[in-house]
Amino acid sequence: MKKGILLTVLMACVIAWNVGAQDRPLQIIMIGAHPDDCDIKSGGTAALFVAMGHHVKFVSVTNGDAGHQSEGGGMLAKRRIAETKEVARRLGVSYDVLDNHDGELLPSLEIRLQIIRKIREWKADVVIAPRSNDYHPDHRYTGVLVQDAAFMVGVPNVVPDVEPLRKNPVFLYFQDNFKKPNPFQADIAVDITPVIEKKLAGLDAHQSQFYEWLPWIGNYENEVPKDPAKHKEYLLAKRVQTPNPEVRKTLEKWYGKSRADQAKFAEAFEICEYGTQPTEQDIRRLFPMLGK
């Protein structure tokens, strides 16, 4: 048997085993404020879920129509939506962009209902979103909106045209570096070293952001390589976190010290106090890449 065919068969067996360990494929929904937030915070974890046969949806609560120094409005929104479609193709995820203005997000009832609808339609097992302490108001209010939706996803008389969830999902927060009023707590850490190229490919699709807007607003335009062949090396240095001591400790908990010591890149998540409170067994079931 040729090597390529053998690898394909082995991957199919791995996917079948992991999906077979569940009653159905897991449904993971990751919600960010802008059309690149989920990619930055959890693109590697998403790639691992997809490789194991599970289903991942990214949701951007705004359309990104303010995130550029020389473009804006509807044309920029269209460009950014096109970028998310390319991310979906590269990572194998679904990607939805809600039609709310970038930079103007508020935790309104209207948008809360939009998020409840998305979580229900996806029949989510796990929901991941930002914490509500962050430098950007859109990030903060996305965190508040998801928190406000956490109980309501099971209330039949709210968004009554979409069937409520009979089991509340596990709600998690993306990793951040903010300390006040309380620092991020790394309850779960995922070794994304095996899929780092996938994560970089997803980030690379957001041309308007990582090579134009963010370098401009951050005053480091001169750091962006002129040669596109060097873009992923640049993204790795600029946009991918190496495990800090707390995350490294959490990797040891879930993978054991030997595997944790080999992890070059990781994504970490904090368990939200809303929603289902998972046991260690629940976490290993919901994050099957952690192993037994």
Side-chain angles (χ1 to χ4, degrees), residues 14-32 38 41-59 91 93 119 122-132 143 146-147 149-151 153-154 165-176 182-195 198-199 241 243-292:
V14 169
I15 290 173
W17 183 88
N18 281 291
V19 174
Q22 307 287 333
D23 294 334
R24 57 174 172 79
L26 292 166
Q27 300 287 120
I28 313 298
I29 189 167
M30 302 173 175
I31 303 174
C38 296
K41 295 294 188 178
S42 57
T45 301
L48 286 170
F49 273 121
V50 170
M52 299 177 84
H54 302 293
H55 301 158
V56 178
K57 179 183 285 291
F58 288 175
V59 174
L91 294 186
V93 302
I119 294 171
W122 197 243
K123 296 181 171 57
D125 297 298
V126 177
V127 181
I128 313 180
R131 294 198 302 156
S132 55
V146 175
Q147 289 172 359
F151 177 73
V153 295
L165 299 183
R166 296 298 297 126
K167 180 174 174 57
N168 203 239
V170 170
F171 285 79
L172 305 174
Y173 297 125
F174 296 127
Q175 183 179 358
D176 63 58
N182 53 283
F184 172 84
Q185 178 175 301
D187 295 313
I188 302 166
V190 177
D191 177 10
I192 64 165
T193 310
V195 291
K198 277 278 191 181
K199 174 163 183 164
Q241 291 187 323
N244 64 30
E246 182 189 5
V247 172
R248 182 74 64 186
K249 184 177 179 181
T250 305
L251 285 168
E252 289 183 15
K253 171 183 176 179
W254 294 109
Y255 290 94
K257 190 173 189 311
S258 177
R259 170 71 184 276
D261 287 345
Q262 298 175 42
K264 295 180 181 179
F265 310 106
E267 291 169 347
F269 308 95
E270 178 178 338
I271 298 170
C272 174
E273 291 182 304
Y274 308 156
T276 292
Q277 298 302 287
T279 64
E280 180 173 331
Q281 183 179 5
D282 291 331
I283 292 171
R284 291 195 183 276
R285 177 179 61 82
L286 294 169
F287 285 79
M289 67 285 290
L290 301 177
K292 304 299 180 184

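Every value quoted in this text rests on a predicted model; they were computed, and no experiment measured them.
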Undergrad: Atom CD of Gln241 and atom CD of Gln175: how far apart are they, to the nearest 0.5 Å?
TA: 4.5 Å

Undergrad: Show, in sequence, the C-alpha distance, side-chain angles and deciding distance for Val190 and Phe269, and conclude whether the side-chain contact (heavy atoms from CB on, under 4.5 Å) test is met.
TA: CA-CA 9 Å; Val190 177; Phe269 308 95; 4.1 Å; yes

Undergrad: Within a reach of under 6.0 Å around CZ of Phe265, are more than 12 heavy atoms found that belong to other residues, nucleotides or ligands?
TA: yes

Undergrad: List for me each residue that meets side-chain hydrogen bond (donor to acceptor under 3.5 Å, both in side chains) alongside Tyr173, sequence neighbours excluded, and say none if there are none.
TA: Gln147

Undergrad: Can you check side-chain contact (heavy atoms from CB on, under 4.5 Å) on Leu48 and Lys198, steps first, answer last?
TA: CA-CA 9 Å; Leu48 286 170; Lys198 277 278 191 181; over 6 Å; no

Undergrad: Got a sec, which residues hit salt bridge (charged side-chain N to carboxylate O under 4.0 Å, His left out) with Lys199, two or more places apart in sequence or on another chain?
TA: Glu267

Undergrad: Is it true that a side-chain atom of Thr250 and a backbone atom of Ala189 form a donor plus acceptor pair closer than 3.5 Å?
TA: no

Undergrad: Taking the side chain as everything from C-beta on, heavy atoms only, tell me whether Val93 gets closer than 4.5 Å to Met30.
TA: no

Undergrad: Quick one, Val153 and Pro169 - any side-chain contact, counting heavy atoms below 4.5 Å?
TA: yes

Undergrad: Do any N or O atoms from the side chain of Gln277 and from the backbone of Cys272 form a donor-acceptor pair under 3.5 angstrom?
TA: yes

Undergrad: What I'd like to find out is whether the side chain of Ile188 reaches to under 4.5 Å of the side chain of Leu172, using heavy atoms alone.
TA: yes

Undergrad: Grab the two heavy atoms, one from Ala186 and one from Ala268, that are nearest each other, plus how far apart they are.
TA: CB-CB, 4.1 Å

Undergrad: Between Val126 and Leu26, is any pair of side-chain heavy atoms under 4.5 Å apart?
TA: no

Undergrad: Lys123: what forms a side-chain hydrogen bond (donor to acceptor under 3.5 Å, both in side chains) with it, not counting sequence neighbours?
TA: none

Undergrad: I'd like to know if Arg24 pairs up with Asp125 as an ion pair, taking the criterion as any Lys NZ or Arg NE/NH1/NH2 lying under 4.0 Å from an Asp or Glu carboxylate oxygen.
TA: yes

Undergrad: With a 4.5 Å limit on heavy-atom distance, are the side chains of Pro278 and Ile271 in contact?
TA: yes

Undergrad: With sequence neighbours left out, what residues match Lys57 under side-chain hydrogen bond (donor to acceptor under 3.5 Å, both in side chains)?
TA: Asp96

Undergrad: Under the rule for salt bridge (charged side-chain N to carboxylate O under 4.0 Å, His left out), what residues qualify as partners of Lys249, not counting sequence neighbours?
TA: none

Undergrad: Might you point out which heavy atoms bring Ile283 and Trp254 nearest each other, and give the distance in Å?
TA: CG2-CH2, 3.6 Å

Undergrad: Among all residues two or more places apart in sequence or in another chain, which pass the ring pair (Phe, Tyr, Trp, His ring centres under 6.0 Å) test with Phe174?
TA: none

Undergrad: Counting distance only, does the side-chain N/O of Gln185 pair as donor-acceptor with the main-chain N or O of Pro183 below 3.5 Å?
TA: no

Undergrad: To the nearest 0.5 Å, how far apart are CD1 in Ile128 and OG1 in Thr45?
TA: 7.0 Å

Undergrad: Quick one: ring pair (Phe, Tyr, Trp, His ring centres under 6.0 Å) partners of Phe58, sequence neighbours excluded?
TA: Tyr95

Undergrad: Go through the structure and list residues passing salt bridge (charged side-chain N to carboxylate O under 4.0 Å, His left out) with Glu280, not counting sequence neighbours.
TA: Arg284

Undergrad: Show the nearest heavy-atom pair for residues Ala266 and Pro243, with the distance to one decimal.
TA: CB-CG, 3.9 Å

Undergrad: Sequence neighbours left out, what passes side-chain hydrogen bond (donor to acceptor under 3.5 Å, both in side chains) with Asn244? Give chain and number order.
TA: none

Undergrad: Taking salt bridge (charged side-chain N to carboxylate O under 4.0 Å, His left out) as the definition, give me every residue that meets it alongside Asp187, ordered by chain and number, with sequence neighbours left out.
TA: none

Undergrad: Once the angle between the rings of His54 and Phe49 is folded into 0 to 90°, is it parallel (under 30°), tilted (30 to 60°) or perpendicular (over 60°)?
TA: perpendicular

Undergrad: Return the set of residues passing side-chain contact (heavy atoms from CB on, under 4.5 Å) with Ala263 (not counting sequence neighbours), or none when no residue passes.
TA: Asp191, Thr193, Arg248, Leu251

Undergrad: Which pair of non-hydrogen atoms, one from Val56 and one from Trp122, has the smallest distance, and what is that distance?
TA: C-CZ2, 3.6 Å

Undergrad: If every non-hydrogen atom of Asn168 is compared with every non-hydrogen atom of Ala150, which pair is closest and at what distance?
TA: ND2-O, 2.7 Å

Undergrad: Ser258: what forms a side-chain contact (heavy atoms from CB on, under 4.5 Å) with it, not counting sequence neighbours?
TA: Gln262

Undergrad: Going by heavy atoms in the side chains, are Ile119 and Ile31 under 4.5 Å from each other?
TA: yes

Undergrad: When you compare the side chain of Leu91 with that of Val50, does any pair of heavy atoms fall below 4.5 Å?
TA: no

